[in-house]
Amino acid sequence: MSQNFNAANLARENVKEMTPYLSARRLGGKGDVWLNANEYPIAPEYQFNQQNLNRYPECQPVDVILNYAAYADVAPEQVLVCRGADEAIELLIRTFCEPGKDAVMFCPPTYGMYSVSAEAFGVEQKKIATLPNWSLNVDAIRENLTNTKLVYICSPNNPTGNIIDNQELVDVLELTAGRALVVVDEAYIEFCPQYSVTSWLEKYPNLVILRTLSKAFALAGLRCGFAIASAEIIEMLLKVIAPYPLSTPVAMIAAQALNKEGIAEMQRRVAMVTENRIALSEALKDFSIVEKVYPSETNYILVHFTDGNKVFKALWDQGIILRDQGKQPGLTNCLRITIGTETENTRVIEAIAALC
(Lines give C-alpha, C1' and ligand atoms only; values in the text may rest on other atoms or scores of the structure.)
Protein backbone atom coordinates (compact mmCIF):
# COMPACT_ATOMS: atom_id res chain seq x y z
CA MET A 1 0.00 0.00 0.00
CA SER A 2 2.73 2.50 0.95
CA GLN A 3 4.41 2.09 -2.44
CA ASN A 4 1.32 3.55 -4.12
CA PHE A 5 1.16 6.59 -1.88
CA ASN A 6 1.65 9.93 -3.62
CA ALA A 7 1.55 13.05 -1.44
CA ALA A 8 0.96 15.24 -4.49
CA ASN A 9 -2.40 13.57 -5.01
CA LEU A 10 -3.53 14.96 -1.67
CA ALA A 11 -2.00 18.42 -1.96
CA ARG A 12 -3.95 21.52 -2.91
CA GLU A 13 -3.78 22.29 -6.62
CA ASN A 14 -2.09 25.66 -6.16
CA VAL A 15 0.61 24.10 -3.97
CA LYS A 16 1.36 21.50 -6.63
CA GLU A 17 2.11 24.32 -9.07
CA MET A 18 4.13 26.44 -6.66
CA THR A 19 7.79 27.31 -7.01
CA PRO A 20 9.21 27.72 -3.49
CA TYR A 21 11.14 30.80 -2.49
CA LEU A 22 14.79 30.02 -3.18
CA SER A 23 16.49 31.34 -0.09
CA ALA A 24 20.25 31.71 0.05
CA ARG A 25 20.57 28.46 1.97
CA ARG A 26 18.39 26.54 -0.46
CA LEU A 27 20.53 27.73 -3.35
CA GLY A 28 23.56 26.31 -1.57
CA GLY A 29 27.15 26.75 -2.65
CA LYS A 30 30.45 25.86 -1.01
CA GLY A 31 31.83 29.31 -0.48
CA ASP A 32 33.80 30.91 2.28
CA VAL A 33 32.62 34.44 1.42
CA TRP A 34 28.84 34.53 1.80
CA LEU A 35 27.47 37.73 0.30
CA ASN A 36 24.11 36.48 -0.97
CA ALA A 37 21.70 36.78 1.97
CA ASN A 38 22.15 40.35 3.30
CA GLU A 39 23.50 39.04 6.60
CA TYR A 40 25.95 40.78 8.90
CA PRO A 41 29.31 39.05 8.32
CA ILE A 42 30.41 38.69 11.98
CA ALA A 43 28.50 36.73 14.62
CA PRO A 44 27.41 38.71 17.70
CA GLU A 45 27.85 37.26 21.18
CA TYR A 46 24.84 36.69 23.41
CA GLN A 47 24.47 34.53 26.48
CA PHE A 48 21.58 32.25 27.33
CA ASN A 49 21.50 30.38 30.61
CA GLN A 50 17.83 29.89 31.40
CA GLN A 51 16.86 26.60 33.01
CA ASN A 52 13.12 26.74 32.42
CA LEU A 53 12.92 25.15 28.99
CA ASN A 54 10.36 22.71 30.35
CA ARG A 55 7.82 25.56 30.27
CA TYR A 56 6.14 27.06 27.24
CA PRO A 57 7.18 30.64 26.48
CA GLU A 58 4.88 33.64 26.43
CA CYS A 59 3.01 34.19 23.18
CA GLN A 60 4.24 37.80 23.16
CA PRO A 61 7.27 38.05 25.47
CA VAL A 62 6.84 41.17 27.58
CA ASP A 63 10.49 42.24 27.63
CA VAL A 64 10.77 41.94 23.85
CA ILE A 65 7.57 43.90 23.26
CA LEU A 66 8.47 46.66 25.72
CA ASN A 67 12.03 47.00 24.44
CA TYR A 68 10.96 47.09 20.80
CA ALA A 69 8.14 49.55 21.46
CA ALA A 70 10.62 51.87 23.17
CA TYR A 71 13.11 51.46 20.33
CA ALA A 72 10.49 52.13 17.61
CA ASP A 73 8.82 54.90 19.65
CA VAL A 74 5.38 53.33 19.56
CA ALA A 75 3.00 51.95 22.19
CA PRO A 76 3.49 48.31 23.27
CA GLU A 77 -0.01 47.42 22.04
CA GLN A 78 1.09 48.48 18.56
CA VAL A 79 3.79 45.78 18.39
CA LEU A 80 3.55 42.11 17.44
CA VAL A 81 6.65 39.91 17.62
CA CYS A 82 6.86 36.88 15.34
CA ARG A 83 9.21 34.45 13.60
CA GLY A 84 10.85 36.95 11.32
CA ALA A 85 9.08 39.49 9.14
CA ASP A 86 8.27 36.55 6.85
CA GLU A 87 5.75 35.27 9.38
CA ALA A 88 4.17 38.72 9.57
CA ILE A 89 3.75 38.71 5.78
CA GLU A 90 1.82 35.45 6.05
CA LEU A 91 -0.16 36.46 9.13
CA LEU A 92 -1.51 39.50 7.32
CA ILE A 93 -2.68 37.35 4.41
CA ARG A 94 -4.24 34.75 6.71
CA THR A 95 -5.99 37.45 8.73
CA PHE A 96 -7.29 39.78 6.04
CA CYS A 97 -7.55 37.86 2.76
CA GLU A 98 -10.18 35.32 1.70
CA PRO A 99 -8.83 32.88 -0.93
CA GLY A 100 -10.64 33.16 -4.23
CA LYS A 101 -12.03 36.56 -3.32
CA ASP A 102 -9.31 38.97 -2.18
CA ALA A 103 -5.96 39.96 -3.66
CA VAL A 104 -2.59 41.22 -2.50
CA MET A 105 -0.55 43.74 -4.46
CA PHE A 106 3.19 44.31 -4.67
CA CYS A 107 5.56 46.10 -7.01
CA PRO A 108 8.35 44.06 -8.64
CA PRO A 109 11.26 43.94 -8.69
CA THR A 110 10.92 43.34 -4.97
CA TYR A 111 11.11 40.75 -2.19
CA GLY A 112 9.91 37.35 -3.36
CA MET A 113 8.05 36.21 -0.25
CA TYR A 114 5.06 38.47 -0.93
CA SER A 115 4.34 36.36 -3.98
CA VAL A 116 5.15 32.99 -2.41
CA SER A 117 2.99 33.65 0.64
CA ALA A 118 0.02 34.77 -1.44
CA GLU A 119 0.34 31.73 -3.69
CA ALA A 120 0.56 29.38 -0.72
CA PHE A 121 -2.76 30.62 0.62
CA GLY A 122 -4.49 30.71 -2.75
CA VAL A 123 -4.81 34.49 -2.80
CA GLU A 124 -4.71 36.45 -6.06
CA GLN A 125 -1.55 38.44 -6.77
CA LYS A 126 -1.57 41.82 -8.46
CA LYS A 127 1.93 42.63 -9.65
CA ILE A 128 2.27 46.32 -10.46
CA ALA A 129 5.75 46.80 -11.89
CA THR A 130 7.66 49.84 -10.74
CA LEU A 131 8.56 52.57 -13.20
CA PRO A 132 12.01 52.48 -14.85
CA ASN A 133 13.49 54.54 -11.99
CA TRP A 134 11.95 52.05 -9.47
CA SER A 135 9.40 54.54 -8.20
CA LEU A 136 5.84 53.34 -7.65
CA ASN A 137 3.39 53.40 -10.54
CA VAL A 138 0.69 55.10 -8.50
CA ASP A 139 -1.69 55.39 -11.45
CA ALA A 140 -1.53 51.63 -12.08
CA ILE A 141 -1.98 50.94 -8.37
CA ARG A 142 -5.09 53.13 -8.37
CA GLU A 143 -6.55 51.23 -11.32
CA ASN A 144 -6.03 47.80 -9.75
CA LEU A 145 -7.37 48.21 -6.23
CA THR A 146 -10.59 46.27 -6.77
CA ASN A 147 -10.66 43.39 -4.26
CA THR A 148 -7.15 44.28 -3.05
CA LYS A 149 -6.78 43.90 0.71
CA LEU A 150 -3.01 44.23 1.16
CA VAL A 151 -0.43 46.35 -0.65
CA TYR A 152 3.16 45.34 0.16
CA ILE A 153 5.78 48.03 -0.38
CA CYS A 154 9.41 47.32 0.51
CA SER A 155 11.34 50.47 1.49
CA PRO A 156 14.31 50.36 1.21
CA ASN A 157 13.45 47.95 -1.54
CA ASN A 158 15.08 44.54 -1.85
CA PRO A 159 16.96 43.96 -4.16
CA THR A 160 17.27 47.45 -5.64
CA GLY A 161 18.28 49.27 -2.44
CA ASN A 162 16.26 52.42 -3.11
CA ILE A 163 13.90 54.28 -0.79
CA ILE A 164 10.30 54.70 -1.91
CA ASP A 165 9.40 58.39 -2.14
CA ASN A 166 7.30 59.64 0.79
CA GLN A 167 4.74 61.30 -1.45
CA GLU A 168 4.18 58.04 -3.32
CA LEU A 169 3.59 56.23 -0.03
CA VAL A 170 1.15 58.94 1.05
CA ASP A 171 -0.68 58.64 -2.28
CA VAL A 172 -1.08 54.87 -1.85
CA LEU A 173 -2.17 55.19 1.78
CA GLU A 174 -4.84 57.69 0.82
CA LEU A 175 -6.00 55.66 -2.19
CA THR A 176 -6.46 52.60 0.01
CA ALA A 177 -8.03 54.31 3.03
CA GLY A 178 -10.92 52.24 4.33
CA ARG A 179 -10.42 49.46 1.78
CA ALA A 180 -6.93 47.96 2.13
CA LEU A 181 -3.86 47.85 4.34
CA VAL A 182 -0.56 49.26 3.12
CA VAL A 183 2.31 47.16 4.47
CA VAL A 184 5.63 49.01 4.39
CA ASP A 185 8.46 46.51 4.80
CA GLU A 186 11.25 48.29 6.66
CA ALA A 187 13.59 45.32 7.05
CA TYR A 188 16.59 47.52 6.21
CA ILE A 189 15.47 50.76 7.84
CA GLU A 190 18.28 50.77 10.42
CA PHE A 191 20.63 51.73 7.58
CA CYS A 192 18.53 54.84 6.86
CA PRO A 193 16.32 55.48 9.93
CA GLN A 194 15.42 58.97 8.76
CA TYR A 195 13.12 57.39 6.18
CA SER A 196 11.01 55.32 8.59
CA VAL A 197 7.25 55.93 8.50
CA THR A 198 6.45 54.80 12.05
CA SER A 199 5.49 58.38 12.90
CA TRP A 200 2.66 58.10 10.35
CA LEU A 201 0.74 55.41 12.24
CA GLU A 202 -1.61 57.79 14.02
CA LYS A 203 -2.57 59.59 10.81
CA TYR A 204 -2.95 56.45 8.68
CA PRO A 205 -4.79 53.64 10.50
CA ASN A 206 -4.40 51.38 7.43
CA LEU A 207 -0.58 51.42 7.72
CA VAL A 208 1.37 48.36 8.84
CA ILE A 209 5.17 48.36 9.20
CA LEU A 210 7.35 45.25 9.13
CA ARG A 211 10.70 45.09 10.92
CA THR A 212 13.34 42.45 11.68
CA LEU A 213 16.39 41.70 13.81
CA SER A 214 17.99 39.82 10.91
CA LYS A 215 19.89 42.66 9.25
CA ALA A 216 21.42 45.50 11.25
CA PHE A 217 20.94 43.60 14.53
CA ALA A 218 23.00 40.71 13.04
CA LEU A 219 20.54 38.05 14.21
CA ALA A 220 19.35 36.38 11.02
CA GLY A 221 19.63 32.98 12.69
CA LEU A 222 17.35 34.06 15.53
CA ARG A 223 14.28 34.44 13.27
CA CYS A 224 12.70 37.36 15.08
CA GLY A 225 10.65 40.06 13.42
CA PHE A 226 7.89 42.53 14.17
CA ALA A 227 4.69 44.01 12.84
CA ILE A 228 3.91 47.56 13.97
CA ALA A 229 0.38 48.85 13.45
CA SER A 230 -2.70 50.14 15.23
CA ALA A 231 -3.78 48.21 18.31
CA GLU A 232 -6.86 47.07 16.36
CA ILE A 233 -4.77 45.46 13.62
CA ILE A 234 -2.43 43.83 16.13
CA GLU A 235 -5.46 42.39 17.94
CA MET A 236 -6.62 40.77 14.70
CA LEU A 237 -3.18 39.29 14.01
CA LEU A 238 -3.04 37.83 17.52
CA LYS A 239 -6.10 35.76 16.67
CA VAL A 240 -4.22 33.72 14.07
CA ILE A 241 -0.60 33.70 15.25
CA ALA A 242 0.81 30.43 16.61
CA PRO A 243 0.37 30.05 20.38
CA TYR A 244 4.14 30.14 21.04
CA PRO A 245 5.81 31.87 18.08
CA LEU A 246 9.12 32.62 19.81
CA SER A 247 11.15 30.05 21.72
CA THR A 248 12.48 31.03 25.15
CA PRO A 249 16.11 31.38 23.91
CA VAL A 250 14.97 33.58 21.01
CA ALA A 251 12.98 35.84 23.32
CA MET A 252 15.85 36.17 25.79
CA ILE A 253 18.40 37.07 23.12
CA ALA A 254 16.01 39.45 21.34
CA ALA A 255 15.42 41.32 24.58
CA GLN A 256 19.19 41.66 25.07
CA ALA A 257 19.67 42.90 21.51
CA LEU A 258 17.06 45.60 22.12
CA ASN A 259 18.45 46.99 25.35
CA LYS A 260 20.49 50.19 25.41
CA GLU A 261 23.82 48.42 24.87
CA GLY A 262 22.43 46.21 22.12
CA ILE A 263 21.05 49.15 20.18
CA ALA A 264 24.33 51.04 20.50
CA GLU A 265 26.20 48.00 19.15
CA MET A 266 23.73 47.78 16.25
CA GLN A 267 24.41 51.40 15.38
CA ARG A 268 28.16 50.73 15.35
CA ARG A 269 27.54 47.86 12.92
CA VAL A 270 25.49 50.12 10.68
CA ALA A 271 28.32 52.67 10.56
CA MET A 272 30.84 49.98 9.59
CA VAL A 273 28.59 48.49 6.92
CA THR A 274 27.84 51.92 5.48
CA GLU A 275 31.54 52.75 5.25
CA ASN A 276 32.28 49.42 3.56
CA ARG A 277 29.33 49.83 1.18
CA ILE A 278 30.59 53.19 -0.01
CA ALA A 279 34.11 51.83 -0.51
CA LEU A 280 32.91 48.76 -2.43
CA SER A 281 30.58 50.82 -4.62
CA GLU A 282 33.32 53.28 -5.53
CA ALA A 283 35.78 50.50 -6.35
CA LEU A 284 33.39 48.63 -8.63
CA LYS A 285 32.46 51.73 -10.62
CA ASP A 286 35.92 51.74 -12.21
CA PHE A 287 35.64 48.31 -13.88
CA SER A 288 34.92 47.96 -17.57
CA ILE A 289 32.50 45.05 -17.05
CA VAL A 290 30.38 47.09 -14.63
CA GLU A 291 27.56 48.98 -16.34
CA LYS A 292 26.22 50.59 -13.16
CA VAL A 293 26.40 50.40 -9.39
CA TYR A 294 23.01 51.52 -8.11
CA PRO A 295 22.72 53.79 -5.09
CA SER A 296 21.72 51.91 -1.95
CA GLU A 297 20.40 52.73 1.51
CA THR A 298 20.94 49.17 2.78
CA ASN A 299 23.59 46.56 3.58
CA TYR A 300 23.88 45.46 -0.06
CA ILE A 301 24.36 46.94 -3.49
CA LEU A 302 22.84 46.03 -6.83
CA VAL A 303 25.35 45.95 -9.69
CA HIS A 304 24.55 45.78 -13.39
CA PHE A 305 27.30 43.91 -15.27
CA THR A 306 27.85 43.46 -18.98
CA ASP A 307 27.50 39.71 -18.36
CA GLY A 308 26.03 38.96 -14.96
CA ASN A 309 26.01 35.19 -15.41
CA LYS A 310 29.73 35.13 -16.18
CA VAL A 311 30.60 37.18 -13.11
CA PHE A 312 28.30 35.16 -10.86
CA LYS A 313 29.77 31.83 -11.96
CA ALA A 314 33.37 33.02 -11.86
CA LEU A 315 33.03 34.23 -8.28
CA TRP A 316 30.96 31.17 -7.28
CA ASP A 317 33.82 28.95 -8.45
CA GLN A 318 36.17 30.93 -6.19
CA GLY A 319 33.92 30.47 -3.16
CA ILE A 320 32.44 33.98 -3.32
CA ILE A 321 28.68 33.55 -3.27
CA LEU A 322 26.58 36.44 -4.60
CA ARG A 323 22.87 36.63 -5.43
CA ASP A 324 21.81 36.57 -9.08
CA GLN A 325 18.82 38.87 -9.65
CA GLY A 326 18.73 38.46 -13.42
CA LYS A 327 15.29 36.83 -13.45
CA GLN A 328 13.60 39.76 -11.73
CA PRO A 329 11.77 42.21 -14.02
CA GLY A 330 14.19 44.77 -15.44
CA LEU A 331 17.24 43.31 -13.67
CA THR A 332 18.92 41.33 -16.45
CA ASN A 333 22.65 40.94 -15.73
CA CYS A 334 22.21 42.35 -12.22
CA LEU A 335 23.85 40.81 -9.15
CA ARG A 336 23.14 41.75 -5.56
CA ILE A 337 26.21 41.89 -3.35
CA THR A 338 25.85 41.89 0.42
CA ILE A 339 28.37 44.14 2.14
CA GLY A 340 30.90 41.97 3.93
CA THR A 341 33.99 42.70 5.95
CA GLU A 342 36.75 44.81 4.43
CA THR A 343 38.66 41.59 3.68
CA GLU A 344 35.66 39.96 2.00
CA ASN A 345 34.97 43.05 -0.07
CA THR A 346 38.58 43.09 -1.19
CA ARG A 347 38.18 39.49 -2.37
CA VAL A 348 35.17 40.57 -4.45
CA ILE A 349 37.02 43.51 -5.95
CA GLU A 350 40.07 41.42 -6.86
CA ALA A 351 37.94 38.64 -8.37
CA ILE A 352 35.99 41.07 -10.54
CA ALA A 353 39.15 42.94 -11.53
CA ALA A 354 40.59 39.67 -12.80
CA LEU A 355 37.67 39.35 -15.22
CA CYS A 356 38.23 42.74 -16.83
Side-chain angles (χ1 to χ4, degrees), residues 17-31 33-39 86 106-119 125-137 152-164 185 187-188 215 277 280-281 283-340 344-345 347-356:
E17 303 299 322
M18 277 184 64
T19 300
Y21 179 73
L22 294 178
S23 67
R25 295 300 170 264
R26 276 193 171 186
L27 288 170
K30 296 181 179 180
V33 178
W34 294 92
L35 304 179
N36 64 337
N38 300 342
E39 302 153 320
D86 288 337
F106 49 91
C107 304
T110 193
Y111 183 43
M113 280 305 296
Y114 311 139
S115 176
V116 171
S117 295
E119 190 170 2
Q125 304 171 53
K126 295 185 179 182
K127 303 177 183 181
I128 308 300
T130 56
L131 298 173
N133 64 352
W134 295 331
S135 61
L136 299 181
N137 188 337
Y152 290 100
I153 299 173
C154 192
S155 182
N157 189 38
N158 177 14
T160 55
N162 63 296
I163 287 289
I164 302 300
D185 188 341
Y188 299 91
K215 311 305 178 184
R277 184 188 71 215
L280 179 60
S281 297
L284 294 181
K285 288 177 182 178
D286 294 332
F287 295 131
S288 60
I289 62 173
V290 173
E291 296 281 351
K292 185 171 184 177
V293 179
Y294 292 97
S296 174
E297 298 285 352
T298 67
N299 65 341
Y300 56 86
I301 55 175
L302 186 71
V303 184
H304 183 193
F305 291 93
T306 54
D307 188 340
N309 288 333
K310 178 181 177 181
V311 175
F312 178 82
K313 187 177 186 307
L315 270 64
W316 175 285
D317 291 343
Q318 297 176 54
I320 303 171
I321 313 300
L322 310 182
R323 184 77 171 200
D324 188 355
Q325 297 291 338
K327 293 183 179 179
Q328 287 248 40
L331 301 188
T332 302
N333 288 316
C334 287
L335 304 181
R336 192 190 67 194
I337 306 175
T338 302
I339 306 305
E344 290 173 333
N345 292 345
R347 289 259 317 261
V348 172
I349 293 167
E350 291 174 347
I352 293 175
L355 298 173
C356 293

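Model, not experiment: these values are computed from the prediction.
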Below 30° counts as parallel, above 60° as perpendicular, anything between as tilted: where do the rings of Phe312 and Trp316 land?
tilted
Side chains of Asn345 and Ile339 in contact at under 4.5 Å (non-hydrogen atoms)
yes
With side chains defined as the heavy atoms from C-beta onward, is the minimum distance between Asp185 and Tyr111 less than 4.5 Å?
yes
Is the shortest heavy-atom distance from the side chain of Tyr188 to the side chain of Glu297 under 4.5 Å?
no
Note, Glu291 side chain near Asn333 side chain (heavy atom, < 4.5 Å)
no
All heavy atoms of Thr110 vs all of Cys154, minimum pair found to be OG1-CB, 3.5 Å
Min side-chain heavy-atom separation Tyr300-Asn158 under 4.5 Å
yes
Taken in chain and number order and not counting sequence neighbours, the residues that satisfy side chain to side chain contact (heavy atoms under 4.5 Å, CB included) with Pro108 are Phe106, Lys127, Pro329
If you measure from OG1 on Thr338 to CD on Glu344, what distance do you get to the nearest 0.5 Å?
10.0 Å
Considering only heavy atoms from C-beta outward, does the side chain of Leu302 approach that of Ser296 to under 4.5 Å?
no
Measure the spacing between CD of Glu350 and CD1 of Ile320 and express it to the nearest 0.5 Å.
8.5 Å
Within this structure, what is the CG-CG distance for the pair Leu335 and Leu315, rounded to the nearest 0.5 Å?
8.5 Å
Side chain to side chain contact (heavy atoms under 4.5 Å, CB included) between Asn157 and Thr130, intermediate numbers included
CA-CA 11 Å; Asn157 189 38; Thr130 56; 5.7 Å; no
Rounding to 0.5 Å, atoms OG1 (Thr306) and CZ (Phe287) come to a distance of 12.5 Å
Is there a side-chain contact between Tyr294 and Val303, using heavy atoms and a 4.5 Å cut-off?
no
When you measure from the side chain of Ser155 to the backbone N and O of Ile164, does any donor-acceptor pair fall under 3.5 Å?
yes
All heavy atoms of Lys215 vs all of Ala37, minimum pair found to be NZ-O, 3.7 Å
To the nearest 0.5 Å, what is the distance between NZ (Lys310) and CG (Leu355)?
6.0 Å
Give me the atom names and distance for the closest heavy-atom approach of Ile349 to Ala283.
CD1-CB, 3.5 Å
Rounded to the nearest 0.5 Å, what separates atom NZ in Lys285 from atom CG in Leu280?
11.0 Å
Are any of the side-chain heavy atoms of Pro109 and Gln325 separated by less than 4.5 Å?
no
Nearest non-hydrogen partners of Leu322 and Asn36, listed with the distance:
O-CB, 3.3 Å
What one should report as the nearest heavy-atom pair of Ile352 and Ile289 is CG2-CD1, 3.8 Å
Is it the case that the side chains of Asn38 and Arg323 hold a donor-acceptor pair, with the cut-off being a distance below 3.5 Å and no angle test?
no
Can you tell me if Ser117 uses its side chain to pair, donor with acceptor, with the backbone of Met113 under 3.5 Å?
yes
Looking at every non-hydrogen atom in both residues, tell me the closest pair between Leu331 and Pro159 and how far apart they are.
CD1-CG, 3.7 Å
Treating Arg277 as the side-chain partner and Thr298 as the backbone partner, does any N or O pair qualify as donor plus acceptor under 3.5 Å?
yes
